Amino acid sequence: FGAQLYADDEEVLLRQLKERRRERNDPSGGESRLLVDSSGSTEAHLDEMGCEALVGMQALEVLGSGYTKLVFKASLSGGQSVALKLVNEQGIDMKKCLEEFRDPEGCRELISYKLEKEMILLRKLQHPNVIKLKGHCAGVQGGRGVEAGRLAIILERGDPLQMIQLLQSPWEDRFRVCLDLVRLLHFLSRSPLGSIGLLDFQPQQFVTVSGELKLTDLDDGSAEETPCQTDADCTLQFPQRNFSVACSAQGSCERLNEKRNIYNAYRYFFTYLLPHQAPPRLTHLVDHIMNSTGELKADVNQTLEAFEHILHLYESGLHLDDIPASILRDYTVMRGMGTSGAVEYRCWPSYSQQGCLLSVHGAKEAAHICNSHSQCNSFTLTGQKTWTGRLLASFKSNFSHLVPDETSEVYVKKSPSS
Ligand SMILES: Nc1ncnc2c1ncn2[C@@H]1O[C@H](COP(=O)(O)OP(=O)(O)OP(=O)(O)O)[C@@H](O)[C@H]1O
């Protein structure tokens with residue numbers, strides 16, 4: 001069934017289009033939220049939004065576009081911000097189809113099929129790291145930049161993944177993207193449609209929603225393992241490396257989709273995001289992940305375990321056990337206080353451009369960091385937390401006075417004589 005859903009065979013598409021045309025001429029088949037799924041049954045998706053949700057919406061800006069689809073940010077009349085995905089009339093797919101068939105309506109319909117396929121897949125593959133389908137409308141009313149009469153799918157809105165921005169962000173946020181990706185690959189390896197390989201593994205296929213990574217382009221997947229006769233038929237080829245996979249007794253390359261996904265995760269994401277500025281006490285674990293995924297020595301279960309282990313240590317602070325509690329004796333603590341008139345210094349990669357704002361497990365780790373910065377004479381544990389629940393600590397050279405602040409604590413280095 002999965003492989004059938006992923007089939008892009010032109011003949012299959014045209015047959016489906018003809019069937020759809022027949023259904024449309026059938027007066028009973030007009031409901032916009034009824035969809036014929038590939039098993040032939042008609043499913044109602046009454047919890048999803050329909051065309052009525054788009055009445056009065058404002059299409060605000062283009063979020064992104066690709067060969068097939070165009071994505072708008074839209075503000076619904078209730079104020080909710082969503083992403084609308086439509087056929088990209090200017091896209092390569094449309095151009096190629098027009099060149100070949102010179103039939104604008106047929107081509108639009110052919111490409112709409114990919115949107116429908118994506119919709120079916122989004123329903124079948126629900127996971128925190130897959131973009132959420134909110135609904136669809138088979139005849140968009142029109143609005144700024146959106147033509148009338150087109151199929152639009154309504155998705156939760158994300159921010160396109162900006163690799164350059166991510167490279168400059170704290171390790172914790174970069175680790176989160178990699179962890180989310182591994183959680184997604186783990187799910188895809190045992191999805192309801194079988195083990196799915198993502199054939200186009202570019203960062204453009206992903207967005208983030210409040211820092212969480214989500215796959216948004218689902219039509220470039222394969223749920224079929226490559227058929228084979230001998231092991232020689234099962235090679236995974238990448239520009240820098242090739243791998244051999246065994247041909248199973250059933251005549252398919254064993255877990256090729258899973259392996260391809262892991263290596264792509266390594267080459268497009270981990271290499272850039274994981275090792276750089278990893279917490280010193282976790283680098284050996286990060287190096288181990290880099291090695292085992294770069295050499296395809298670990299499967300997706302082992303890779304996920306390794307990531308979750310790092311997360312556990314990082315959240316619990318267990319990796320900091322060797323920092324003695326006595327390190328805090330060198331500091332005077334003032335609870336319920338913040339500072340003003342601070343003399344800031346910059347560190348990298350800081351959560352703030354102006355000063356040195358880093359995440360810590362607690363006062364002990366903050367003191368350890370402050371001791372390693374020559375400019376640091378005090379730090380404030382703010383009440384703000386990062387996604388892992390770690391605290392944001394602001395490191396400073398000096399400050400002019402203390403101000404009451406229920407949510408924070410100030411630690412000042414004792415002078416050598418005191
Ligand atoms: N829910 C969303 N929120 C924000 N941006 C999105 C969303 N979905 C997609 N995008 C942006 O729109 C772009 C195009 O979407 P999508 O990848 O589905 O189109 P495509 O035509 O299949 O692209 P490609 O040719 O790369 O396969 C994405 O690269 C992404 O940046």
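The chain is numbered in sequence order, starting from 1. Worth saying up front: this structure is predicted, and the values here are computed from it rather than measured. Counting starts at 1 for both ligands and their atoms, following the listed order.
- Below 30°, between 30° and 60°, or above 60°: for Phe175 and Trp171 the angle between ring planes is below 30°, a parallel geometry.
- Using a 4.0 Å cutoff on heavy atoms, Gln202 does not count as a contact of ligand 1.
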Which donor-acceptor pairs under 3.5 Å do the side chains of residues 336-347 make with protein atoms, sequence neighbours left out?
{"unit_1": "Ser340", "atom_1": "OG", "unit_2": "His401", "atom_2": "NE2", "d": "3.1"}
{"unit_1": "Tyr345", "atom_1": "OH", "unit_2": "His373", "atom_2": "ND1", "d": "2.8"}
{"unit_1": "Arg346", "atom_1": "NE", "unit_2": "Gln353", "atom_2": "O", "d": "3.1"}

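- Checked against a 3.5 angstrom limit, the closest N/O atoms of Asp159 and ligand 1 fall outside it.
- At a 4.0 Å heavy-atom cut-off, ligand 1 does not touch Lys214 at all.
- The shortest N or O to N or O distance between Leu63 and ligand 1 is not under 3.5 Å.
- The N/O atoms of Arg157, backbone and side chain alike, include none that comes under 3.5 Å of an N/O atom in ligand 1.
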Using distance only, find each side-chain donor-acceptor pair of residues 193-213 under 3.5 Å and give its atom names and separation, not counting sequence neighbours.
{"unit_1": "Asp200", "atom_1": "OD2", "unit_2": "Gln205", "atom_2": "NE2", "d": "2.9"}
{"unit_1": "Gln202", "atom_1": "NE2", "unit_2": "Tyr268", "atom_2": "OH", "d": "3.4"}

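- The sulfur atoms (SG) of Cys97 and Cys107 lie less than 2.5 Å from each other.
- With respect to the salt-bridge test (charged N to carboxylate O, under 4.0 angstrom), the residues Arg281 and Asp322 qualify.
- In this comparison of Gln204, Glu118, Lys132, the heavy atom closest to atom 29 (O) of ligand 1 sits on Gln204.
- Contact analysis puts Glu156 in contact with ligand 1, with a non-hydrogen atom separation below 4.0 angstrom.
- A heavy-atom separation below 4.0 Å is not found between Asn88 and ligand 1.
- Within the set Gly91, Ser65, Gly158, Pro160, the minimum heavy-atom distance to atom 3 (N) of ligand 1 is found for Gly158.
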